[in-house]
Each structure stands twice: as structure tokens, then as C-alpha cells.
**Student:** 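Could you have a look at this structure, given as C-alpha cells, before my questions?
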Amino acid sequence: MANPYPAAVERYDADAIERRWQAVWAAERAFETPNPENPATDTRPRAYVLEMLPYPSGDLHMGHVTNYTMGDVVSHFRRRTGFQVLHPMGYDSFGLPAENAAIKTGGKPAEVTARNIARIREQMLRMGWSIDWSRELSTSDPAYYRWTQWIFLRMYERGLAYKKGAAVKWCPQDQTVLANEQVVDGRCERCGSEVEARDLEQWFLRITDYADRLLDDMALLEEWPDRVLTMQRNWIGRSHGAEVQFGIVGGDEAIPVFTTRPDTLFGATFFVLAPEHPMVGDLVAGTAQEDEAMEYVRRRGAESVADRMREDRPKTGVDTGRRVLNPVTNEEIPVWVSDYVLVEYGTGAIMAVPAHDDRDHAFAQAFGLPIRQVVAPREGAVDVQVEAYVDSGDDSVLVNSGRFDGLTVAEAKEAIPAWLAEDGRGERTTAYRLRDWLVSRQRYWGAPIPIVDCPACGLVAVPDEDLPVRLPEIDDYAPKGRSPLAAAENWRRVPCPSCGAEALRETDTMDTFVDSSWYYLRYVSALDDTQVFDRGAVDWWLPVGQYIGGVEHAILHLLYSRFFTKVLYDAGYVGFQEPFANLFTQGMIYKDGAKMSKSKGNVVAPDEIVSRFGADALRMYVLFMGPPDQDKEWSDSGVLGPARFLDRLWKSVQAIAETPGEALPPAPADADGAALDLLRLTHRSTQRVTEDIDRRLQFNTAIAATMELLNGIEKARDGLLGDAVGQQALRHAAGTLVCLIQPFSPHIAEELWERLGGTRLWEAPWPAVDPALLVSDTFECVVQVNGKLRERVPMARGLDQAEVLAAAKALPRIAELIDGKAIVKEIVVPDKLVNIVVKG
RNA sequence: GCCGGAGUGGCGGAACUGGCAGACGCACCGGACUCAAAAUCCGGCGUUGGCGACAACGUGCGGGUUCGAUCCCCGCCUCCGGCACCA
């Protein structure tokens, strides 16, 4: 690849300076923050700043660099504005890549993982992030997964973890089942293989019990991005409606359906079961349609998940020949089987109202079924034979619906279920798109599920004191359709914890998303081997004050973590219901218009940039590229901007450091002219940087403000070096600038601070803004005529409107423009602008 | 189809509450330094017209509100992300 950088850039010695300060920070344990001794009475301000923990895949990539640098800026800023800061780091180290690498190279997943962690940790240290390394954790460490298992058992006790047979999604490539959340467009989110449906006994977590709270508590998440909340809302998919019973003609049973449109019940002209509906077999048994119907069911079952999810597939189906009774019209309507009804949603059966549902309409047209209108617009007419009429509000009324005729749709949605409920024909209910979370995996490198299967007692929890259930040492990690743990016979055979008889361990391991659903709690007590975490400390630090990570985790990780926190709250282990008070989702970094990836060959390695320009320049550039929440395009030449800035900073501050004085002397009170201008610029810049970090997380504009300050210092420098006041003003400006860039580029800031005469900038207070230096006594008044900018003129602040207007009209150019014309209106915005509206 | 976000110079972007559009940086152009180049420093840089002061136009498109709109409202277009046979 061609070198995109100039051959000889004049540089300060970034490598030496950065390594020097990294050694100082490590030696002084600069960023370790102990838990409070008395959390109950400790009122110190605190900030838990957390970035999503990395999967240690080997090399740090630009996404990590951006993510952790953003968190680091916030951490430094909080530390220097008087907060106790918790800023830990760990590794999401269970998972398939390490296992697959071990299979390929013949090593052990634990060894591969240890190597990768060592490597990524070294790269993190080289970036100079201010992490409390004393709290470092790995989810694959038995000291950690012991507590993952412990939490699983708490869920099991509460009935929130259960095992059942179900049609599940199976990835043939990875040889394991997947959670619904891990299937994207019918494919495995990890490897892209088309997933298959399989009937298997699997472990689930009952996240659906929390669907309402996961939705309703979003009100507490004011500082979360809308898009993330929307994605979670869509994913949970709560629909209010009614469950209605349809009695089988010639039988005693009824089949329930779920509908969001009980108002259209009078228009239900047929009935449809999902092919997998458990009653299909019984219904058709012995009828003329039995063979045809069962053949249809078999064919659907053989289809891939991806095929069934294909959009715009034509409607297919079979008439069972059986009939059910429409509970409001008492008409007999035919029961069909069709794959446009999904077994896993609602009740797996629907009432079909072709006049008012597009899908039912298409089905009715394909099979010549009757279409009956029961809703009409208040004004005008629609032809439901041609197209379904869908309106669910107040603009339509019921027709052909007996005593409900004339009600609005909204009214009928209340009235009809209430009427049905009187004699048990139906009731109001709610349906969700969310399914329970399938957590068992048929792979080796994960936390073993701490359950023993006893022939006498059934499923028995491993006692807490026997945790962790450690992964056994085995030779063959290759997936074979069952967990590799099943081959570890000696490990697997254990006495039943309950009765002592010979029993077998569960051999599936947990989804790695279980590991990462609670790690933010463990940092509080990372080294504690007596409890999962300390209740007092966890309530002191959490909820996380600022969580930062990629939007790709909007549903999986963030929803699961919210679920875990609520479960732990209910069980009395934590005192808060939401884990992350503020969430910030960073944009992705692209190169040549595409996501960086090895296969595309467009990866820019952080290492290369660090060795060429230093960690400080890279840190600054990833933040300077653009708004932190938006996607950004990497530019090889763009990184030169911050690199040059740091070079100029180095030279300028060194020159000023040669004058006598403190690292950050107060602003000289008797400054005027250029010195006063510089002081004002300094305080304006401080104000902007402070607000941009604190209030807006707008690091790109904060950095721009520091660049403007340096430009101002360089312009003023030669003129101010001559006298004492000028030198003090320069030192004040330079010291402030070094303070302001410290969160972004801490190494060079520390070095320059020392050369200016300071020590330990990371502990120095954040520079204060002097309000008196934010304003000057004059301002540049903008003068408009008819809204068009015509003049700019300096004016004293605080003049009254008449004075400002008179001054504006006295300007020769303005006088000329309004001469001989009628003044229609005059607007004066105090200390800002004048607009004179004329006519003629 | 539904939901969310975005559209500003050659490029990344700024303009925070309706008040100077283009901060800051990249690229580019000119100059200084140099035997020369790189680096560095100084200057220029939305488009069109003008030697120039300046003028007209300009924030995806079309309307509207307003003294004044990148910002608010209505109607479109395009792009990105999520959900989607969810009854």
C-alpha cells in the first residue's frame, strides 16, 4: 500500500513521551478508584463511566479506539471536575472465534483467549486510556463465570430459567442453536449461514415476563438515543387486542385467536391455522382432506427459515373441510391451514377479515373466499372487493355489525371485547413479538449450565457452594451437533445433589450474551470471591452514569442487560431497575465507503497510526473526524490535522515555558489590548470545551475550540513576550490550553504541563471560566435592510433601542439604502442586530 | 408498508434557543525559506460578474409562516438504519 503520509514530518518524540507517562500512571496507580468505605453515608459525587467491553479477537480496531477514547475523555473530565470516577475494563472472552481458532490450530480455547487478551491489553495500555486496571475481568475466567452460573440459578429458582422442547433456530455452520435475536434475515448473525428449524430441548430465560416493564421503564431512559428505544420497542412489539374463542363445529373445543381488530369480528369470513398448530392433526383426522392437509404441513416444515421469511411470496393454503362458529354472527366459517399464519405469535390461529386486512384479502382472492365489509369511512365509499380498507381510528364507523353499527372503530375496539367477555367468548389481551431468550448452546467455550439431570429427581440445580461448574479439559472441541462437553464422560457423571444417585450434568453452555448481561455489576467487586458483588457498593456506583458503545447492540446486549438488572432488582440484589442511565451510541468508522474488514482489505490498523504519529494524535483524530454519534469516513490525510496541531502546540508551549512563571498563573488583572484579547479567547475557549464535553459530548467541536485557542496564542505570542503582563497572559493561555487538551491527548499534555512547572495534570482541577472575560464592552452590531446584511459596526453593549437604531441609520451605506423610502418596521435585537424594513 | 435518523464548499464538518452560512481541519493555489525537494512559516480558497469597493445567487426539491429560516410548518425527492405475512 502506498504511504499516504509526507516523508519527513517534523515531530516531537511522541513515542518516548507517551511511554514515559504510561509508566508513571502505572507506577502511581493513577486511575485506580477504591469503593467507598461507607457507601450509605458517602455523598461524594461519583461517575461510573463505562464502554462496552471488547471481545478479545486479537487486534484492537478503530471502533475500539473511538469507543474507549470517548469514554476516556469523559472519565478525565469528570475526575478533574471533582468526581470519584469508576472506569474499568474487561473482556467478553467466551465465544466461538477462540474455539474455532483452537480447532483449526490444535490449541486450547483457553490458551488462544489468554494470548489474545494479553495482546489487546498491551494495545490498550499503549493508547494511554485511564482505566482502573485493578478491576480487570474476563468472562471466561472461572472466578467470573462462577457468578454467571450463580445468577442463572437465581433465575432458575424464580422460574425464569426453564428447559423445554421447541422448534428452534439451528445454525448448521456453527452447529448450535441461536436466539431469535441472533437470526438476521433468516441467517446466522455470526457466520451468515441460512438457519434451519429443529425441534430440540433447550434452556430459555423468561424475558417475556418482563416485556411490559422493559417497555414501560423506557420512560426512565430519557438520555437514551431515540433510535435505540425505537428499536427495542419494535423488537418487543406489544399489541393490544383481544383473544376470541371460535367453537369447533361438531366438537366441544374452541380455538382461541388473537386479534388487534376485535371491531371487525362481524367481518370474519374464514379462519386460518398455522401449519405447526397442534390441533391441525386432530381436526383433519379421518376427513377427506386429511392427506392433502398433512402433505401441506409436511412441505412447509421442510422449507428453510429464510424461504419462509421471503417477502411477497404468494399465499398458499389448504381447506381442512372443518368449520368453526363465528361467535358474534353464529355463522359457520371454513378453517384453512396456511403458512402466512405464524405459530409462534399470538395463538397460532387467526380469524380472517379479508375486507379489512391486506393479507387476509390476498388470501381470500387467491381462494375465492367471501369478503364482507364491516367498517366504512365516515365520508365517501370504498370497494373492499378490490382492496382491503384498513383504518383503525375515529374516522370510520362500523356497518353490518348488528347493534354495533355506527360506533367508531376506536369505540368498537372497547365495546365488542366487553360484550364477548360477558359470557366467556373472549377478553381483552396483549400480544408480544418478543420471545423467550434461548440461552443454551451446543459448544464448548462458554459457561456450563449448572444443572444436573437425575433419573429420579429430574433437573436439579448445582448447589451454590459447588460453583463454579468448571469446563472440563477435553481434546476434541469440534461441534458435532451436540455439546463437546457430552464427550467428557467423567466430568459429566456426578451424584445427584438432591438424592445422591448417579446423574448426568447438563452439557450445553450458555450464550455469551448471558456473560455480558451483568459484567457492569461485577466491576464493582471484581476481586471478591465471597459474593457476586457488594450490595452497598453496587448501589453507590450504579446505575452507570455514561455508557458508550456501538448501536449494533441496541437490541441484544442492551435489552438483555436491562432484563438482568430487573431480575436482580426483584430478587433484592440491587436497588435500581435500569443499569444504564445515559447511553451514547457511537457511529461506525468506514474506509472507502465500507465498513473496515479484513476481507475487503480496507482496515487501518491503530498500531500503524500510533507508531507514526503517537497515541495522542490518533486519539484526537478519531474524535475530531466528526460528530461522535454519526458514521464517519476514515481519511489518511485527515489525521495530519491533529498531528500538526500537536507539533505546533509542542513548539509554542515550549517557547512560552522558557519565560518565568507558574504552570497556570491567574489572568493578569491589568491586561489590555492584545493581552486582553488573548485572555478573552482563552476563557471563551474554556467555556466551549467544557460545555462540549459536559453537556453535548461533542468532542469534534471541543477540539476545534482548542485549535482556535492555539491559533490565537501563536498570533499573539511574539507581541506579548516582551513584557511581564504579556508573558503572564501567554502563560495563562498556554497553561489553560494544555489543561483543555488533556482529556483528548493526555501524554503530551502531561509532559508540557510539567515543562510549564506543574505536576500531575490528571489530578489538577479543570480550568475555571471567568464570566467577566466572556464578554467585552463592545459588540459587532449587524445591520440589515430588509433582512439582508448590509453593514457591521462596533457598538457599546447595553445601549437602548433608539440609540442603536440612530447609530445604524447614521451609517453612510445604510442611510443611502433607506433614503427616500418609507420605513415599515424596525427590529432591534439587543447587543446583536438591527433590521430596518423599507418599502418603495 | 411502518418507525427512527440524515441531506450545507472539492472533502470531513460548524452554526447550541429563528438573528453575520461555511468555525476547525483536510485537499488545492500563490508566496517565503532551500541549489532543489520535503518539512515549516505567511497568504488565498462557496458560485457568478467586477481591477476594485461591491452586487447577485447559494444549506436536497416545491410551497408557507416570519422583519428575518440550514433551523419552524405543509407537500415531495434521495440516502442510511431498524422492523415487517406479528393478525
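Every chain is numbered from 1 and lettered A, B, ... according to where its sequence line falls, protein lines coming before strand lines.
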**Student:** Under a 3.5 Å limit for both distances, which nucleotide forms a Watson-Crick or G-U wobble pair with B:G10, could you say?
**Tutor:**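 B:C26 is the nucleotide pairing with B:G10.
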
**Student:** So A:Val829, base contact, sugar-phosphate only, or nothing? Heavy-atom distance under 4.0 Å.
**Tutor:**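 Base, at least one base atom sits under 4.0 Å.
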
**Student:** When you measure from the side chain of A:Arg790 to the backbone N and O of A:Ile814, does any donor-acceptor pair fall under 3.5 Å?
**Tutor:** no

**Student:** Indicate whether OP1 or OP2 belonging to B:C83 is found under 4.0 Å from a side-chain N or O atom of A:Arg227.
**Tutor:**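 No, no such contact exists.
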
**Student:** Of the candidate nucleotides B:U40, B:G5, B:A87, which contains the atom at the shortest distance from the side chain of A:Asp226?
**Tutor:**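 For the A:Asp226 side chain, the nearest candidate turns out to be B:G5.
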
**Student:** Which value, in whole Å, describes the distance between the C1' atoms of nucleotides B:C79 and B:G60?
**Tutor:** 11 Å

**Student:** To the side chain of A:Met707, which of B:A27, B:A14, B:G25 is closest?
**Tutor:** B:G25

**Student:** Please pick, from B:U40, B:C20, B:A27, the nucleotide with the shortest atom-to-atom distance to any side-chain atom of A:Leu640.
**Tutor:**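 The nucleotide sitting nearest to the side chain is B:A27.
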
**Student:** Could you tell me whether the phosphate oxygens of B:C20, OP1 or OP2, come under 4.0 Å of any side-chain nitrogen or oxygen in A:Arg790?
**Tutor:** no

**Student:** Taking A:Phe744's backbone N and O only, do any of them form a donor-acceptor pair with A:Arg619's side chain (distance below 3.5 Å, no angle check)?
**Tutor:**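 Yes: the side chain of A:Arg619 pairs with the backbone of A:Phe744.
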
**Student:** Please report the distance, rounded to the nearest Å, between CG in A:Asp357 and C1' in B:A87.
**Tutor:** 6 Å

**Student:** Find the partner of B:C41: check Watson-Crick (N1-N3 plus N6-O4 or O6-N4) and G-U wobble (N1-O2, O6-N3) distances, both under 3.5 Å, and reply none if neither fits.
**Tutor:** B:G31

**Student:** To the side chain of A:Arg648, which of B:A87, B:G25, B:G19 is closest?
**Tutor:** B:G25

**Student:** Given the C1' atoms of B:G68 and B:G18, what is the spacing between them in whole Å?
**Tutor:**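 One C1' to the other, the span is 8 Å.
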
**Student:** Within this structure, what is the CZ-to-C1' distance between A:Phe779 and B:G19, rounded to whole angstrom?
**Tutor:**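 Going from A:Phe779 (CZ) to B:G19 (C1'), I get 12 Å.
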
**Student:** In terms of side-chain heavy atoms of A:Phe624, which of B:U40, B:C24, B:A87 is nearest?
**Tutor:** B:C24

**Student:** For the side chain of A:Thr701, starting at C-beta, report the closest nucleotide among B:C20, B:A15, B:G19.
**Tutor:**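 That would be B:A15.
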
**Student:** Can A:Lys591 and A:Asp636 be said to form a salt bridge (charged side-chain N to carboxylate O under 4.0 Å, His left out), step by step?
**Tutor:** CA-CA 9 Å; A:Lys591 177 79 195 295; A:Asp636 283 325; 3.7 Å; yes

**Student:** Rounding to an integer number of angstrom, what distance separates B:G19 and B:C11 when you compare their P atoms?
**Tutor:** 26 Å

**Student:** Name the closest nucleotide to the A:Leu833 side chain, picking from B:G5, B:A55, B:G19.
**Tutor:** B:G19

**Student:** For a quick test of reading the model: is some side-chain N or O of A:Arg644 closer than 4.0 Å to OP1 or OP2 of B:U40?
**Tutor:**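 For B:U40, OP1 or OP2 has a side-chain N or O of A:Arg644 closer than 4.0 Å.
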
**Student:** If you find the nucleotide of RNA chain B closest to A:Gly348 and the one closest to A:Arg688, which residue's nucleotide is nearer the 5' end?
**Tutor:**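 Looking at RNA chain B, the more 5' nearest nucleotide goes with A:Arg688.
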
**Student:** Over how many whole Å does the gap from A:Leu434 atom CG to B:C83 atom C1' extend?
**Tutor:**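 Atom-to-atom, A:Leu434 to B:C83, this comes out as 14 Å.
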
**Student:** Rounded to whole angstrom, note down the C1' distance from B:A6 over to B:A56.
**Tutor:**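 Approximately 31 Å lies between the C1' atom of B:A6 and that of B:A56.
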
**Student:** For A:Gln698 and B:A15, give me the distance from atom CD to atom C1', rounded to whole Å.
**Tutor:** 11 Å

**Student:** Atom CG of A:Leu737 and atom C1' of B:C24: how far apart are they, to the nearest Å?
**Tutor:** 14 Å

**Student:** Quote, to the nearest angstrom, the C1' distance that separates B:C57 from B:C41.
**Tutor:**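 Approximately 36 Å lies between the C1' atom of B:C57 and that of B:C41.
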
**Student:** Go through the side-chain N and O atoms of A:Trp235 and A:Glu181 and say whether any donor and acceptor fall under 3.5 Å apart.
**Tutor:** yes

**Student:** Nearest-Å distance, CG (A:Leu789) to C1' (B:C67)?
**Tutor:**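 Interatomic distance, CG of A:Leu789 to C1' of B:C67: 15 Å.
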
**Student:** Quick one: is A:Tyr340 getting a side-chain N or O under 4.0 Å of the B:A87 phosphate, OP1 or OP2?
**Tutor:**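 So the side chain of A:Tyr340 is outside the cut-off, no N or O lying under 4.0 Å from OP1 or OP2 of B:A87.
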
**Student:** Does the base of B:C85 carry an N or O that pairs as donor and acceptor with the side chain of A:Lys315 under 3.5 Å?
**Tutor:**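 Flag set: donor-acceptor pair detected.
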
**Student:** Within the supplied structure, the quantity of interest is the number of heavy atoms (other residues, nucleotides, ligands) at a distance under 6.0 Å from A:Glu816 CD; does it exceed 12?
**Tutor:** no

**Student:** Once you round it to whole Å, what is the distance between C1' of B:G1 and CG of A:Asn234?
**Tutor:**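 Value for this atom pair: 13 Å.
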
**Student:** Classify the nucleic acid contact of A:Glu708 as base, sugar-phosphate or nothing, counting any heavy atom under 4.0 Å across all strands shown.
**Tutor:**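 Touches sugar-phosphate only.
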
**Student:** Does B:A55 have a Watson-Crick or wobble partner in any strand here, with both distances under 3.5 angstrom, and which is it?
**Tutor:** B:U48

**Student:** Is the phosphate of B:A87 approached by A:Ser239 (side-chain N or O, under 4.0 Å from OP1 or OP2)?
**Tutor:**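 A:Ser239 to B:A87 OP1/OP2: side-chain N or O found under 4.0 Å.
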
**Student:** Is the side chain of A:Asp616 donor-acceptor paired with the backbone N or O of A:Ile748 at a distance under 3.5 Å, no angle test?
**Tutor:**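 Indeed, once roles are kept as given, a pair shorter than 3.5 Å links the two residues.
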
**Student:** Applying side chain to side chain donor-acceptor pair (under 3.5 Å), run through A:Thr585 and A:Arg227 and close with a yes or a no.
**Tutor:** CA-CA 10 Å; A:Thr585 50; A:Arg227 59 174 167 167; 3.3 Å; yes

**Student:** It should be established whether A:Arg695 places a side-chain nitrogen or oxygen under 4.0 Å from OP1 or OP2 of nucleotide B:U17.
**Tutor:** no

**Student:** Look through every strand shown and name the nucleotide pairing with B:G62 as Watson-Crick or G-U wobble, where both distances are under 3.5 Å.
**Tutor:**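 Across all strands, the one nucleotide that pairs with B:G62 is B:C74.
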
**Student:** Heavy-atom nearest nucleotide on RNA chain B for A:Gln784 versus A:Trp235: which residue maps closer to 5'?
**Tutor:** A:Gln784

**Student:** Does B:A84 have OP1 or OP2 under 4.0 Å away from a side-chain N or O of A:Arg433?
**Tutor:**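 A:Arg433 to B:A84 OP1/OP2: side-chain N or O found under 4.0 Å.
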
**Student:** Sticking with atom C1', work out how far B:G13 lies from B:G30, rounded to a whole angstrom.
**Tutor:**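 Between the two C1' atoms, the distance is 26 Å.
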
**Student:** If you measure only the distance, is there a donor-acceptor pair under 3.5 Å linking the side chains of A:Asn234 and A:Arg433?
**Tutor:** no

**Student:** Should B:G7 be called syn or anti, with syn set as within 90° of 0?
**Tutor:**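 Glycosidic conformation of B:G7: anti.
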
**Student:** Quick check on B:G25: is either OP1 or OP2 less than 4.0 Å from any side-chain nitrogen or oxygen of A:Asn711?
**Tutor:**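 For A:Asn711, the contact criterion (side-chain N or O under 4.0 Å from OP1 or OP2 of B:G25) is met.
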
**Student:** In whole angstrom, what separates A:Asp692's CG from B:A15's C1'?
**Tutor:** 12 Å

**Student:** Counting N and O atoms only, with roles assigned by atom type, does the side chain of A:Tyr12 sit under 3.5 Å from a partner on the main chain of A:Leu646, one being a donor and the other an acceptor?
**Tutor:**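 No, the answer is negative, given that no donor and acceptor are paired below the 3.5 Å cut-off.
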
**Student:** Using a 4.0 Å heavy-atom cut-off across all strands, classify A:Pro627 as base, sugar-phosphate, or nothing.
**Tutor:**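 Sugar-phosphate only.
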
**Student:** Kindly point out which of B:A14, B:G19, B:C85 is positioned nearest to the side chain of A:Lys832?
**Tutor:**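 Closest of the options to the side chain of A:Lys832: B:G19.
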
**Student:** So, is A:Asn700 near the phosphate of B:G12, with a side-chain N or O under 4.0 Å from OP1 or OP2?
**Tutor:** no

**Student:** Write down the distance separating the C1' atoms in B:G43 and B:C33, rounded off to the nearest Å.
**Tutor:**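 To the nearest whole Å, 15 Å.
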
**Student:** For B:U66 versus B:A14, give the span between their P atoms, rounded off to a whole number of Å.
**Tutor:**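 Straight-line distance between the two P atoms is 31 Å.
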
**Student:** Who is the Watson-Crick or G-U wobble partner of B:C79, with both distances under 3.5 Å?
**Tutor:**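 Base partner found: B:G5.
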
**Student:** Would you say the side chain of A:Asn835 and the base of B:C67 hold a donor-acceptor pair, judged only by whether the two atoms sit under 3.5 Å apart?
**Tutor:** yes

**Student:** Quick one, A:Met351 with A:Asn326, criterion side-chain contact (heavy atoms from CB on, under 4.5 Å). Give me CA distance, side-chain angles, the key distance, then yes/no.
**Tutor:** CA-CA 9 Å; A:Met351 64 176 207; A:Asn326 180 323; over 6 Å; no

**Student:** Could you tell me whether A:Asn786 contacts a base, only the sugar-phosphate backbone, or nothing, with contacts defined as non-hydrogen atoms closer than 4.0 Å?
**Tutor:** nothing

